[in-house]
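Please read the structure below before turning to the comments.
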Amino acid sequence: MSATDELGYPNEPLCREPWESYYILRRGVLPCCYGSTPIAPMAEWRTAWNSPALQEIRSHLVRGELSPYCLASLGCPVVQRFLDERRRSPLAAIDPRARSPLLRGLNRLLGGVPARLYRLLSSARGGRGRASR
Amino acid sequence: MQTTFNITYGDGWYPVEHDGARPFRWSGPLARVRIAAESPCRSVWLRLACGVWGAAPSVPSLSLAVNGRTTGSAQVAEQLGYLAFPLGGGRDFDVELRLDSTFSVPGDPRMLGVMVKGLDAFDEDALDSPLELDGWYERETHEYFPFSWMGREASVLVPALVRPGTRFLTLPIAAETDAGQQVLAIWRDERLLAELPLRRGWHLYDVDVLDGAAQSIAGEPASARLTLRLSALCPPEARPGDPRALGVRVGPIEAHGDRRRHAHVNSFHHTVRVEDVDPAARQSAGEVGCGVPAAGEGWNGEERDERGVFRWTRREAALLLRDSLRCGRRFCSLPLFSAFRNLAQQVTVSAAGRELARFDLAKGWHTYSVALPDPGGDLEIILRVNVLTPASSHAGDPRELGIRVGALTLHDDERRHEREVFLAANAVRNQREMQRGATVVESFPQTLGIDLYGRCNIKPACVYCLWDPMKALEGEAVDETVDDRTLEGYGGLFEGARLLVNCSFGEPLLHPRLDRVLDLAASSGKVMELSTNGQAFTPRTVGLLAGRRVHLYVSLDAASGATYARLRNERWDEVLAGLLFLRDAREAGGGWPRLNMVFMPMPANLDDLESYFRLCRLVEADTLVLRPLLHLEHPGIVRERGGYRFDYERELMTPEALEPVFAACERYAARYEVSVVSQFDFGLDEASRFRPTATL
């Protein structure tokens, strides 16, 4: 058993922020400091802590996935690392979410077949960290 | 624009020699130089870096004649210093240097006059910054910024046309003596402009050069020659091994016309009495700090981490609380650290065979409060952990490690005890809920992000700031007041938080109720993190912050006025003055607030990287924080500032481009003994868990 296993790291969700932190800001309520868009207006700070939006973020992280909210928060280093890993993946070439506009256009021209193929291959692999959108 | 001079050494000079660092030449009793300007000049100055290097039995006097006319004479420095002479106006100058005595050294038949290491001519009208004339030792560059030692008296030429409206001088000065032991008088002709009681270390001083005069410098035909006179030299014991008669160190002198800056820089000297900041006064009444446990049964040696000093326990460790120290106090605050992240570690606290408390330990540092038994002599407390920190997590360290124990505090404050019990219990509950994957969470977050103040003192905003979109996003809440009353109104969300992190798009130190907010955080046992742009360190804010448990993150990203101007504005000197006073206030405040100096590496500031480490050392920062520029997809932010075109997208550095930056940081960290925290490492733990899937 590794040191991190013995210390209990595997019991944690992919990111701890939505449990440990909460940001009540003028621009809105955020689950972490990298949150791109508020999950609620500032005035709704009382209810946003257990709002459906935050629950959804937590449930993805518990499953070892990044939620759509997280994946849209591009300033987050965890997300950046995830996207970086994905870019290096051989499947990235046919990933419709790869950020090249050319590939996105090509995907559309081919009726979305590359995207479907990518999803099929990804789901066949399963596992953590997949983008779940 | 600088004027170019062609300088030709004539007769009377010995051949060029080299001391390993730079060339020099000795003159005989009479030496000639020809100086030719590219165009006629109204007023030219000649400055010699010269001396006799301690080799002459007596220091000679050097007289100077220009085009056959004697213009002045001066005593040569015993070691190496500047001498300056006005050459007058014109284009061609035949200069004759005559020494009143020469000497020779054994084995060298030459008749030596003066050793010249530098000979420069300056067109007074083309000067763009003040020029050190005589009385200065040669400029040194190995400190935080270039500086020159002055002797007892030195002069400086303030050019008339530095810029319209110029009337102030900012002088960075470092004294080696305590406050007031050296006083620097600044004279202009026969008029005393200022008397500055100097403080130990580097500080900025700002002088009104026109004080009492009717005319502005810019309106005068000629430059102003100022004389700086010290009341006392630096004591020789402060600079052992240095034979020079040294006064103080003076950094680059800058002329400016900004009245606000003048007032700001000087306000520290007049109003902040950092000596009066008593960290004990910031503590709760009646508490006593006991420090980390003294060496005894069950303890490993004293160590330090990012939180401070601590000791590891073994499986069991004994704490002796002397009755004389306890004085009947009922509670003990114990900062404990567990490396476990699954609540598997527990500590039992007992005394005289009776269990006083048992705590599940949340990961990291938390304060646990123990109600002590009734007083009655010295009290031995036993801390016993149920499980040791796994040996695999400290490979190479054979010690038996239980938990870390920090500096404990005894007090009699029941509300504080209840609060600490609540905070620790909330942290455990929060961690438990997270571990079991609860999506509806009944505990409160341990970190509460707050938005203290929505206004900023940097206008236009910093080049990379997302000010406009963020203010648009704030919408109706843009003018919402957030203060101590608001924070208390957050109820459990506030009470359960151990850390308050301010995330304003605005400068928190400008908050009108900053004192109340800091008081509330202190009385609630919270630690605060405040990010500041460094332009709000005023006597008021520095005084408020001194001794507080606040982590300041100062976003400068620059170590020079020029780079700072690219990213923000031209108030670099104010920032530096504030940081220097903050340094003193922190020293008086027991090291609080902690100072973290933020640097976001970008092509715009990479040249300042090493200087930034030196700056961190100068201001005695706790850490240098390397922070990535926020990743934005197609940011479309391009701004011209400080002579630089800031293109956000191009400033985002790739991992490959950052590699040499990190390597350089490692070298500089060791060289300047500055602790570095890299926020580029955020997410590494998490990344290790999605990597297997991502690399198909």
Side-chain angles (χ1 to χ4, degrees), chain A residues 1-4 6-16 19-28 30 32-33 37-38 41-43 45-46 49-50 54-56 58-59 62 64 66 74-82 84-86 88-91 99 121-122 125-130, chain B residues 339-344 363 389-390 392-393 395 430-431 433-435 437-441 443-451 454 470 473-475 477-478 480 482 490 493 497 501 503-505 628 630-633 655 679-687 689-696:
Chain A
M1 189 185 273
S2 73
T4 50
E6 284 189 80
L7 290 170
Y9 282 52
N11 295 337
E12 295 182 345
L14 190 55
C15 173
R16 302 186 303 269
W19 284 265
E20 294 184 346
S21 305
Y22 191 58
Y23 290 77
I24 307 173
L25 310 179
R26 286 183 175 80
R27 52 190 183 275
L30 297 172
C32 78
C33 60
T37 49
M42 185 188 201
W45 58 264
R46 274 190 189 83
W49 175 236
N50 279 314
L54 195 41
Q55 286 187 52
E56 194 204 343
R58 288 177 186 141
S59 69
V62 166
L66 293 169
L74 294 175
C76 169
V78 180
V79 172
Q80 276 302 310
R81 284 179 200 283
F82 173 75
D84 196 42
E85 291 295 331
R86 209 171 60 178
R88 289 183 202 173
S89 145
L91 277 184
R99 283 175 295 157
L121 288 170
S122 293
R125 282 196 56 84
R128 314 176 105 176
R130 68 184 180 275
Chain B
F340 283 86
R341 294 163 73 136
N342 56 0
L343 300 167
K363 68 180 167 60
T389 302
S392 56
S393 69
N430 185 248
Q431 197 172 328
E433 288 185 310
M434 181 181 67
Q435 270 175 222
T439 54
V440 175
V441 179
S443 61
F444 299 111
Q446 299 178 56
T447 297
L448 182 64
I450 57 175
D451 193 340
M470 285 301 137
L473 194 57
E474 288 177 3
V478 70
E480 191 78 27
V482 178
Y490 290 154
L493 289 168
V501 180
C503 294
S504 306
F505 271 82
L630 184 71
H631 183 92
L632 297 176
E633 294 286 297
Q679 295 186 346
F680 286 87
D681 293 340
F682 277 3
L684 272 179
D685 275 359
E686 291 78 1
R689 285 186 280 147
F690 55 63
R691 183 163 291 130
T693 307
T695 48
L696 291 170

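Below, chain A is the first sequence line, B the second, and so on; all start at residue 1.
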Quiz item: With a 4.5 Å heavy-atom cut-off, do A:L25 and B:M470 have their side chains touching?
Solution: no

Quiz prompt | Heavy-atom side-chain contact between A:R58 and B:V441 under 4.5 Å | solution = yes

Exercise. Under 4.5 Å, counting heavy-atom pairs only, tell me which of B:Q679, B:Q446, B:E474 racks up the most with chain A.
Key: B:E474

Quiz item: What part of A:P41 is in contact with chain B, defined as an atom under 4.5 angstrom from a non-hydrogen atom: side chain, backbone, both or neither?
Solution: neither

Quiz item: Side chain, backbone, both or neither: which part of B:L448 has a non-hydrogen atom closer than 4.5 Å to chain A?
Solution: both

Exercise. Could you look at B:A344 and say if it's the side chain, the backbone, both or neither that has a heavy atom under 4.5 Å from chain A?
Key: neither

Quiz prompt | B:S443: partners by side chain to side chain donor-acceptor pair (under 3.5 Å), with sequence neighbours left out | solution = B:N430, B:E433

Practice problem: May I ask you to name which of B:V501, B:I450, B:L630, B:L473 has the most heavy-atom pairs under 4.5 Å with chain A? | Solution: B:L473

Quiz item: Between CG of A:N50 and OG1 of B:T439, what distance do you get to the nearest 0.5 Å?
Solution: 8.0 Å

Exercise. Report the option among B:F505, B:Y490, B:F340 that has the most heavy-atom pairs separated by less than 4.5 Å from atoms of chain A.
Key: B:Y490

Practice problem: Specify which of B:A438, B:S393, B:G449 makes the most heavy-atom pairs with chain A at under 4.5 Å. | Solution: B:G449

Quiz item: How many angstroms lie between CG in B:N342 and CG in A:L7, if you round to the nearest 0.5 Å?
Solution: 7.5 Å

Quiz item: In terms of heavy-atom proximity below 4.5 Å to chain A, should B:F680 be classed as side chain, backbone, both, or neither?
Solution: backbone

Practice problem: Sequence neighbours left out, what passes salt bridge (charged side-chain N to carboxylate O under 4.0 Å, His left out) with A:E20? Give chain and number order. | Solution: A:R16, B:K363

Quiz item: Which bit of B:V440 comes within less than 4.5 Å of chain A, counting heavy atoms only: side chain, backbone, both or neither?
Solution: both

Practice problem: Using modelled atom types only, decide if a donor and an acceptor are shared between the side chain of A:W49 and the backbone of B:P445 within a distance under 3.5 Å. | Solution: no

Exercise. To the nearest 0.5 Å, tell me how far B:E480 CD sits from A:M42 CE.
Key: 5.5 Å

Quiz item: Could you give the distance from CZ (A:R26) to SG (B:C503), rounded to the nearest 0.5 Å?
Solution: 12.0 Å

